[in-house]
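Numbers restart at 1 for each chain; the letters A, B, ... are given by sequence-line order, proteins then strands.
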Amino acid sequence: MNFPSLNNIEKVNTAQFQRDLLNWYEEEKRDLPWRKDQDPYKIWVSEIMLQQTRVDTVIPYFERFIDQFPTIETLAEAEEEAVLKAWEGLGYYSRVRNLQAAVREVHEQYGGQVPNTKEEISSLKGVGPYTSGAILSIAYGIAEPAVDGNVMRVISRILSIWEDIAKASSRKVFEEAIRQMISKEDPSSFNQALMELGALICTPTSPSCLLCPVREHCGAFHEGAVLELPVKTKKKNMRHVHLAAAVLTTEKDEVIIQKRPESGLLANLWEFPNTELSGMGNPKVELELFLKNEYGLDVSLEPESFAKIQHVFSHLTWDIDVYKGSIPADRPQKERSLLVQAGEVEEYAFSVSHQKIWKKARGGKK
DNA sequence: GATCCGTGGCC
DNA sequence: TGGCCAAGGAT
């Protein structure tokens, strides 16, 4: 393949670029928990957690997750409920369900050893082109590109590449650049150094070019185009959904919770009974109708909602009116729902929006 | 290729 | 305060 956008790559002194980058990394790299050893499993877990998620957010989750599931075998044999609870609040929950499915495959098909070929590792659920390259290079020292958002930003500036990094097709341009630039002696440090540089120096809006160890190699710096790069088109048609939710309590202080469908948004997480509103009727009436139809409950909800919660996702917004109601203790069972003691609600994995609901329900009641 | 899939921090 | 952003992958 020919890559016209890489016309500047021959201007870079690759050996010197590698030295400048790796020397800086050796000096400045952060002391992160997944850098304590090269255990492929831990590298893998960290890479999944770090997808679209900040390092500072990931650190405590990683520590707890590895404490609880220290090996392939422990995660393979864990209950999904426990795994989701460990991931609660991190978002993109399909990541951890795919991770556990993939770990189980490694446990059963690979004797518990994370595979070290591109083909095998890429076949695992949740392992795409970035993550496969990251594990191969960081855990196994194999010279494969690991092109994430940081790398595209850094390399677009170094090589003055004006491809739109929002397009999936652009990634291969940067992978080819990395194949030509990567250190064959230390691909692990090389890939991590590019990401570290992107996180600490070559940041999106206010890069610290005067502190940059590879400034002299940077096309955008010499052209005064640092703030123009990378090119990244943005699109975001935010959808709004109006919901009504019910916190239903028995005289024994039990509460109804239900488990979300096994695919789609917040799959398999727990939540309070709720329904999407038409936008035309009365929320309370629509919610009572839902509870009658789905739970067989004749609930008289409190007349006014006790909380209105807005929750913003990456691609949609929930506006939730939350009502309280009392129910008899002997209500009939419904599929994927439970009646649990109020004191045990927090043992279940909830999305943040429904954690907000619970917090408000208890805060205002006690 | 476009859309879906979470969350919290930042300015 | 609200839009933008962060170590992507699946469909």
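- When the side-chain nitrogen and oxygen atoms of A/Ser169 are compared with OP1 and OP2 of B/dG1, one or more of them lie within a distance under 4.0 Å.
- Side-chain N/O atoms of A/Thr53 and base N/O atoms of B/dG6 include a donor-acceptor pair closer than 3.5 Å.
- Using a 4.0 Å heavy-atom criterion, one finds that A/Ser351 contacts the sugar-phosphate atoms exclusively.
- Using a 4.0 Å cut-off, no side-chain N or O of A/Lys356 falls inside it from OP1 or OP2 of B/dT7.
- Residues A/Val352 and A/His311 form a side-chain contact, since some pair of their non-hydrogen atoms from C-beta on lies under 4.5 Å apart.
- The separation between A/Met152 atom CE and C/dG9 atom P is 10 Å, rounded to whole Å.
- Using a 4.0 Å heavy-atom criterion, one finds that A/Arg260 contacts no nucleic acid atom at all.
- In the model, A/Gln355 has no side-chain atom that pairs as donor or acceptor with a side-chain atom of A/Ser351 under 3.5 Å.
- Counting non-hydrogen atoms under 4.0 angstrom, A/Trp87 reaches nothing in the nucleic acid.
- Nucleic acid contact for A/Val55: base, since at least one base atom lies under 4.0 Å from a heavy atom of the residue.
- Distance A/Leu200 CG to C/dA6 P: 13 Å, rounded to the nearest Å.
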Atom pairs and distances, side-chain donor-acceptor, residues 62-69 of chain A, under 3.5 Å, sequence neighbours left out:
none

N/O contacts under 3.5 Å, protein versus nucleotides 2-5 of chain B?
| from | atom 1 | to | atom 2 | distance (Å) |
| --- | --- | --- | --- | --- |
| B/dC5 | OP1 | A/Leu265 | N | 3.3 |
| B/dC5 | OP2 | A/His315 | NE2 | 2.8 |

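- Rounded to whole Å, atom P of C/dG8 lies 8 Å from atom CG of A/Leu50.
- The separation of B/dC5 from C/dA6, taken at their P atoms, amounts to 22 Å, rounded to a whole angstrom.
- OP1 or OP2 of B/dT7 has at least one side-chain nitrogen or oxygen of A/His311 nearer than 4.0 Å.
- At the heavy-atom level, A/Val312 lies under 4.0 Å from base atoms of the strands shown.
- The distance between atom CE of A/Met195 and atom C1' of C/dG8, rounded to the nearest whole Å, is 12 Å.
- Using a 4.0 Å heavy-atom cutoff across all strands shown, A/Leu32 reaches at least one base atom of the nucleic acid.
- Spacing between B/dG8 and C/dG9 at atom P, rounded to whole Å, works out to 22 Å.
- Of the side-chain N and O atoms in A/Thr205, none sit less than 4.0 angstrom from OP1 or OP2 of B/dC11.
- In summary, the side chains of A/Asp319 and A/His240 do present a donor paired with an acceptor at a separation below 3.5 Å, with no hydrogens or angles considered.
- Distances shown here put every side-chain N or O of A/Arg95 at or beyond 4.0 Å from the OP1 or OP2 atom of C/dA10.
- A/Arg171 comes within contact range of no nucleotide atom at all, as no heavy-atom separation falls under 4.0 Å.
- Distances were taken from every side-chain heavy atom of A/Pro129 (C-beta onward) to each of C/dG9, B/dT7, B/dG6; the shortest belongs to C/dG9.
- Between A/Phe350 and A/Phe272, the distance from one ring center to the other falls under 6.0 angstrom.
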